[in-house]
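Input: a single structure, listed below in structure tokens.
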Amino acid sequence: MIWCVAALLTGCARQAEQPPQAQAQAKPEVKPAPATPIEDKREEFGGPTWEPDWDRIVEEALPPELLSRKVAHDVRPFCPRFNLMSEGDKRAYWAYFFQALAAAEAGLKPTTDVRHTEPEVAVKDSVTKRMVRSEGLLQLTYMDAERYGCDFDWDKDKQLREKDPAKTILQPRNNLTCGVKILDNQLIAQGRPLLSRFSYWSTLQPQRPSYQVFLKQMKNVPVVCRRDPSIEEARATRAAQASQAPGRAAAMGSK
């Protein structure tokens with residue numbers, strides 16, 4: 001009987017040591033992203049700014065695939081050291097990327113909305129049954145709720161004013177997490193490049209004038225993304241010395 005009680009107590013102790021299911025997965029490491037050029041100017045002259053909480057929203061929404069080697073080639077023009085970075089730094093890079101995208105698309109203003117007249121985008125929204133309107137930080141549409149599983153509620157929003165920040169599509173969390181889903185679909189599910197004429201956003205289509213606006217906002221990527229000339233030079237020197245080592249050893253042996 002004593003053995004049974006001891007075994008029972010031991011089992012309970014082991015069970016108590018195990019973390020609850022809700023705490024089984026630790027929250028991802030998040031880091032603040034640098035400010036984009038437009039953000040620097042807005043802080044100087046006033047106006048809407050990129051909120052630090054929006055970095056966290058993006059970083060916590062990122063799926064593992066967007067932190068893997070699968071996207072290294074796509075981000076190389078902006079972050080050549082992506083594969084060498086920590087997971088926290090990779091998340092900060094993507095937070096900066098979406099800040100730059102929001103700067104190019106909406107001037108960092110969450111309530112921005114545009115009705116396009118270009119034939120290729122002037123179509124009827126399958127959810128609202130109206131001409132499509134791009135809205136929020138990343139200029140998304142209600143159709144994206146159907147296509148990508150975004151948290152936009154047209155039945156609720158249609159009762160509100162056009163630029164009411166309470167609209168689900170204009171709320172930064174909903175808009176940004178939807179953008180992460182769209183990018184994941186483009187890069188991973190469809191296997192399409194980040195920068196191409198097939199990109200969801202025209203600002204990521206190199207042939208479009210708006211691409212230049214996006215490029216200007218990508219000039220302040222996290223420092224860890226960039227190649228350090230001194231490190232690269234030291235690496236090249238070590239490689240040169242290593243390649244000369246056999247010949248040097250042979251020369252010393254012949255003396």
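Source: prediction; values computed, not measured.
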Tell me, please, which residues at least two apart from Phe78 pass ring-ring contact (aromatic ring centres under 6.0 Å, His included). Phe214
Count the heavy atoms of every other residue, nucleotide or ligand shown that sit under 6.0 Å from CZ of Arg56, and state whether that count exceeds 12. no
Looking only at heavy atoms, which two atoms of Val180 and Pro63 are closest? And how far apart? CG1-CD, 3.8 Å
So which atom in Ala72 and which in Phe82 form the shortest heavy-atom distance, rounded to 0.1 Å? CA-CD2, 4.3 Å
Does any pair with a residue in residues 180-191 pass side chain to side chain donor-acceptor pair (under 3.5 Å), and if so which ones, sequence neighbours excluded? Asn185-Gln190, Gln186-Ser199, Gln190-Arg192
Does Pro34 offer a backbone N or O that forms a donor-acceptor pair with the side chain of Asn220 under 3.5 Å? no
Residue pairs, two or more places apart or on separate chains, that pass ring pair (Phe, Tyr, Trp, His ring centres under 6.0 Å) and touch residues 141-166: Tyr142-Trp154
Is there a side chain to side chain contact (heavy atoms under 4.5 Å, CB included) between Met131 and Arg115? Walk through the geometry before answering. CA-CA 8 Å; Met131 295 304 293; Arg115 178 169 290 168; 4.2 Å; yes
Under 3.5 Å, side chain of Asp55 to main-chain N/O of Pro32, donor-acceptor pair present? no
What do you reckon, is NZ of Lys163 surrounded by more than 12 foreign heavy atoms closer than 6.0 Å? yes
Side-chain donor-acceptor contact under 3.5 Å, Thr168 with Asn174: no
Matching residue for Leu101 among Leu137, Leu204, Leu183 - test: side-chain contact (heavy atoms from CB on, under 4.5 Å): Leu204
Looking at Glu135 and Glu162, what are the two nearest heavy atoms and their distance? OE1-O, 4.2 Å
Ser196-Gln205 side chain donor-acceptor pair, cut-off 3.5 Å: no
Flag side-chain contact, heavy atom, 4.5 Å: Met85 against Cys79: yes
With side chain to side chain donor-acceptor pair (under 3.5 Å) as the rule and sequence neighbours excluded, what pairs involving residues 84-101 come up? Lys31-Asp89, Thr36-Gln99, Ser86-Asp89, Glu87-Arg91
If the condition is salt bridge (Lys or Arg N to Asp or Glu O under 4.0 Å), which residues does Asp125 pass it with, not counting sequence neighbours? none
What closest approach, in Å, do Val71 and Ile188 show between heavy atoms, and which atom pair accounts for it? CG1-CD1, 4.0 Å
Measuring only between side-chain heavy atoms, which start at C-beta, is Leu170 closer than 4.5 Å to Pro165? no
Asn175 side chain vs Leu138 backbone, donor-acceptor pair below 3.5 Å: yes
Using 0.5 Å steps for rounding, measure from the CD1 atom of Ile169 to the CG atom of Asp151. 11.5 Å
Are more than 12 heavy atoms from other residues, nucleotides or ligands located less than 6.0 Å from atom CZ of Arg133? yes
Set of ring-ring contact (aromatic ring centres under 6.0 Å, His included) partners for Trp201, sequence neighbours left out: none
Does the side chain of Val127 come within less than 4.5 Å of Arg147's, by heavy atoms? no
4.5 Å side-chain heavy-atom contact, Cys225 and Arg81: no
